[in-house]
Amino acid sequence: SLNQDRESFLVFPNPSENGKFTICKTGEGIDITIYNTQGEKIYHQANINSIPYSIDLADQPKGIYFISILSKGNCMVKKIVIF
C-alpha cells in the first residue's frame, strides 16, 4: 500500500549481535512471524498485546531473517540481521 507509514514498526537493535530484538509497534493484537532465507518459519507468536515486545533468536545462526508483522489485516515485512 502507498500509506506504509501509518502502520509501521521498529525493530532494534538491527543488526543484532546476540540475536535479541525488540519490536515497537503501535496497536495491539499483532502476529509476529520470522523466516530464514530459505523461507522456513523459525518463530511465531500470535495476538501480542504487550509492546514493546522482545524476541530472542540467540539459538539461530548468524545471518539474514525476515520478520513479518500482521496487524489489523496489514502485513509488514522487514529484514533483520544477526551478526
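Values below: all heavy atoms of this structure, side chains included; hydrogens, waters and symmetry mates excluded.
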Legend entry - Rounded distance [0.5 Å steps], OH in Tyr43 versus CG in Leu57: 7.5 Å
Legend entry - Sole candidate of Thr37, Val81, Asn36 that passes side-chain contact (heavy atoms from CB on, under 4.5 Å) when paired with Tyr65: Asn36
Inset, instruction - To the nearest 0.5 Å, tell me how far Ile64 CD1 sits from Lys79 NZ. - result: 5.0 Å
Inset, instruction - Output the distance between atom CZ (Phe21) and atom CD1 (Ile32), rounded to the nearest 0.5 Å. - result: 12.0 Å
Legend entry - Distance, nearest 0.5 Å, that separates CD1 of Ile67 from OH of Tyr35: 11.0 Å
Inset, instruction - Look at the side chain of Asp31 and the backbone N and O of His44, then say whether any donor-acceptor pair between them is shorter than 3.5 Å. - result: no
Inset, instruction - Determine the minimum heavy-atom distance between Lys20 and Pro13, stating which atoms define it. - result: O-CD, 3.7 Å
Inset, instruction - State which residue, out of Ile69, Ile23, Ile30, fulfils the side-chain contact (heavy atoms from CB on, under 4.5 Å) condition with Ile48. - result: Ile30
Inset, instruction - Can you see which heavy atom on Asn47 is nearest to which on Gly29, and at what distance? - result: OD1-CA, 3.4 Å
Legend entry - Phe66 side chain reached by Lys78 side chain, heavy atoms, under 4.5 Å: no
Inset, instruction - Supply the atom-to-atom distance Lys62 NZ to Asn18 CG, rounded to the nearest 0.5 angstrom. - result: 9.0 Å
Legend entry - pair Ile80-Ile82: side-chain heavy atoms closer than 4.5 Å: no
